[in-house]
Number of protein chains: 2
Amino acid sequence: MEKNPPKLSTINVMIIEDDVTYRQSLQAAISAGENLACPYACESCEEALEILEKDFAPEVLLLDIKLPGISGIEGIPKFKAFSPSTHIIMLTVFDDDDLIFNALCRGAEGYLLKSATPRQIYESIQNVLCGGAAMTPTIAGKVLKMFTQYAEPKGEYDLTTREKEILQLLVDGHSKKHLADRLCISLYTVDTHLKNIYAKLHVHSQIDVIAKALKEHLL
Amino acid sequence: MEKNPPKLSTINVMIIEDDVTYRQSLQAAISAGENLACPYACESCEEALEILEKDFAPEVLLLDIKLPGISGIEGIPKFKAFSPSTHIIMLTVFDDDDLIFNALCRGAEGYLLKSATPRQIYESIQNVLCGGAAMTPTIAGKVLKMFTQYAEPKGEYDLTTREKEILQLLVDGHSKKHLADRLCISLYTVDTHLKNIYAKLHVHSQIDVIAKALKEHLL
DNA sequence: TTGTAAATACCGGGATCACGGTATTTTTGG
DNA sequence: CCAAAAATACCGTGATCCCGGTATTTACAA
């Protein structure tokens, strides 16, 4: 519950979940929600896509991952294609890093475990409607870990200002010659700088230097 | 409240906040918490660092960003250096993307706005103690947006399986010759594949190809 | 002031790359 | 089964790179 309260008209929530029991109890719980409706509860992405084709666009989609046929992960872009404004919340028993990663990268705005209470699911729906994201603290922690580990490995190699400058231009796709012109220095000088950079980074070619700079975020 | 409940012994929470009024009311609120204690509430990072030097290590640190002297962001690594196990939660009025980004990248496990209620702060503390992360849905949404936008630009260039394989080896730092050996094919063949890759990616050198592949996450 | 680091510049030779062709075999989809 | 796509292979030329040197000027710190 952030920012503006969600619009008061009825919010359509769609469910895709292959387990009959959980699906029905979930549908019942959603329907009981203050301003929520759940006209469709499907057991596969295929079934849901058929409904979306008949131009029905739910505000929120609760999506399982392990499904017969198209998986929930694979389904995300398909649903987004039909209905970009639909907010997708994953609802699954799996908390593997790469599932979380893939789901969120493909545009899911929430990731909940099935252990979540109806109350938590209800609040998550309100949150994504307000433009927020919905995840349990544990999931958020995992996201954060991926986040930091991606930005973290700032190797230090004591490059001089000039060397960093040259490295930057190199990474931006300039050849040594083109680069010498840009900096108004001799090609020989570029060569010398580059030799020093190679020595400091322990590499022996431009390829290696580019790869290392980009992989370790040296710029 | 995730996973195991936090240990029942008293949790030490440290506060760094320059506004006297907010600091005192926060300290009072924390101290009132079930199993929480707040022996130190500082008005600057410098003051807090002095205390940490006298080997006091709080389990949780509530940290403001705008501070006289060392900012909260700058302080994070310093605190982590003294006490790696301390969980840091940012508590600020600013929700700029780059502040969030920097704080979380430097190891903060939570990011709350000062509009948070004592109850929310209390729960956030419990969450980080259990290894989770603490953020409001709005902040989580922003994190997610940075996350996706970093992984998103998956340009599609119709590379064949073999071409991707060659591209991968190239990125891993293999020369064309070394690469031909690895794949047990002629150097000429590698050359041909590479020519096709260049055409598809619209580049004209290995450098460009490496840069493009890494920048656009083609692998 | 006296080193040391940084930035600049030059040379040559051997290795590697870019790219224009051409062409055969294998895989694959309709 | 047949056409298209993919993978394989070959060649030569000019461009570019890698690396071993050497050397001068500037800047800054001891």
statement: With sequence neighbours left out, the residues meeting side-chain contact (heavy atoms from CB on, under 4.5 Å) with A/Ile210 are A/Leu170, A/Val171, A/Leu214, B/Ile207, B/Ile210, B/Ala211

- prompt: Which residue pairs pass the salt bridge (Lys or Arg N to Asp or Glu O under 4.0 Å) test with at least one member in residues 81-99 of chain A, sequence neighbours excluded?
  reply: A/Asp95-A/Lys142, A/Asp97-A/Lys142

message: Applying a 4.0 Å non-hydrogen cut-off, can you work out what A/Thr160 is touching in the nucleic acid: base, sugar-phosphate, or nothing?
response: sugar-phosphate

Between protein and nucleic acid, restricted to nucleotides 28-30 of chain D and to nitrogen or oxygen atoms under 3.5 Å apart, what atom pairs and distances do you find?
none

- line: With sequence neighbours left out, the residues meeting side-chain contact (heavy atoms from CB on, under 4.5 Å) with B/Leu169 are B/His174, B/Leu179, B/Arg182, B/Leu183

task: Would you please confirm or rule out a distance under 4.0 Å between OP1 or OP2 of D/dT8 and any side-chain N or O of B/Arg162?
output: yes

statement: Here the residues of residues 179-186 of chain A within 4.0 Å heavy-atom distance, strictly under, of DNA chain C are A/Ile185, A/Ser186

- prompt: Under a 4.0 Å heavy-atom cut-off, which of residues 193-213 of chain A touch DNA chain D?
  reply: A/Lys195, A/Tyr198, A/His204, A/Ser205, A/Gln206

Please produce a list of atom pairs where a protein N or O lies less than 3.5 Å from an N or O of nucleotides 23-29 of chain C.
none

statement: In short, B/Arg162 meets B/Ile185 closest at the heavy-atom pair NH2-CG2, 3.6 Å

- request: Hey, could you give me each pair passing salt bridge (Lys or Arg N to Asp or Glu O under 4.0 Å) that has a residue in residues 187-209 of chain B? Not counting sequence neighbours.
  value: B/Glu163-B/Lys200, B/Lys176-B/Asp191

task: Applying ring-ring contact (aromatic ring centres under 6.0 Å, His included), name anything that partners A/Phe56, two or more places apart in sequence or on another chain.
output: A/Tyr40

field: Residues which pass side-chain contact (heavy atoms from CB on, under 4.5 Å) with A/Lys80, listed by chain and number, not counting sequence neighbours
entry: A/Ile76, A/Ile88, A/Glu109

- prompt: Which atom names give the shortest non-hydrogen contact between B/Leu63 and B/Gly72, and what distance separates them?
  reply: CD2-O, 3.5 Å

query: Which atoms form the tightest heavy-atom contact between B/Gln27 and B/Cys38, and what is the distance?
result: NE2-O, 2.9 Å

query: Which of the following nucleotides, D/dC18, C/dC17, D/dA9, is nearest to the side chain of B/Lys176?
result: C/dC17

- prompt: How bent is the helix from C/dT1-D/dA30 to C/dG30-D/dC1, comparing axes over its five end pairs at each side, to the nearest 10°?
  reply: 60°

Any residue meeting side-chain contact (heavy atoms from CB on, under 4.5 Å) with B/Ser71, in chain and number order, not counting sequence neighbours: B/Ile73, B/Glu74

- prompt: In whole Å, what is the span from the CG atom of B/Leu167 to the P atom of D/dA7?
  reply: 13 Å

- prompt: Does the side chain of B/Glu216 pick up a donor-acceptor pair with the side chain of B/Tyr157 at under 3.5 Å?
  reply: yes

task: Using whole Å, report how far CG of A/Leu159 lies from P of C/dA5.
output: 16 Å

message: Quick test of your reading of the model: are A/Asp64 and A/Lys114 salt-bridged, counting only N-O distances below 4.0 Å?
response: yes

Spacing of A/Asp158 atom CG relative to C/dA7 atom P, expressed in whole Å: 13 Å

- prompt: Rounded to the nearest 0.5 Å, how far does SG of A/Cys105 lie from NE2 of B/His217?
  reply: 9.5 Å

task: Write down the distance between CG (B/Asp191) and C1' (D/dT8), rounded to a whole number of angstrom.
output: 13 Å

message: For the backbone of A/Phe79 and the side chain of A/Ser83, can you confirm whether one donor and one acceptor N or O come within less than 3.5 Å of each other?
response: no

- prompt: Are any non-hydrogen side-chain atoms of B/Tyr111 and B/Ile89 less than 4.5 angstrom apart?
  reply: no

field: A/Thr189 side-chain N/O to C/dA9 phosphate OP1/OP2 under 4.0 Å
entry: yes

message: I need the NZ-C1' distance between B/Lys177 and D/dC17, as an integer number of Å.
response: 14 Å

- prompt: Considering only side-chain heavy atoms of B/Tyr188, which listed nucleotide, D/dC10, D/dA6, D/dC17, is closest?
  reply: D/dC10

- request: May I ask you to say whether B/Lys66 pairs ionically with B/Glu17, meaning some side-chain N is under 4.0 Å from a carboxylate O?
  value: no

- prompt: Once you round it to whole Å, what is the distance between P of C/dA9 and CG of A/Leu187?
  reply: 11 Å

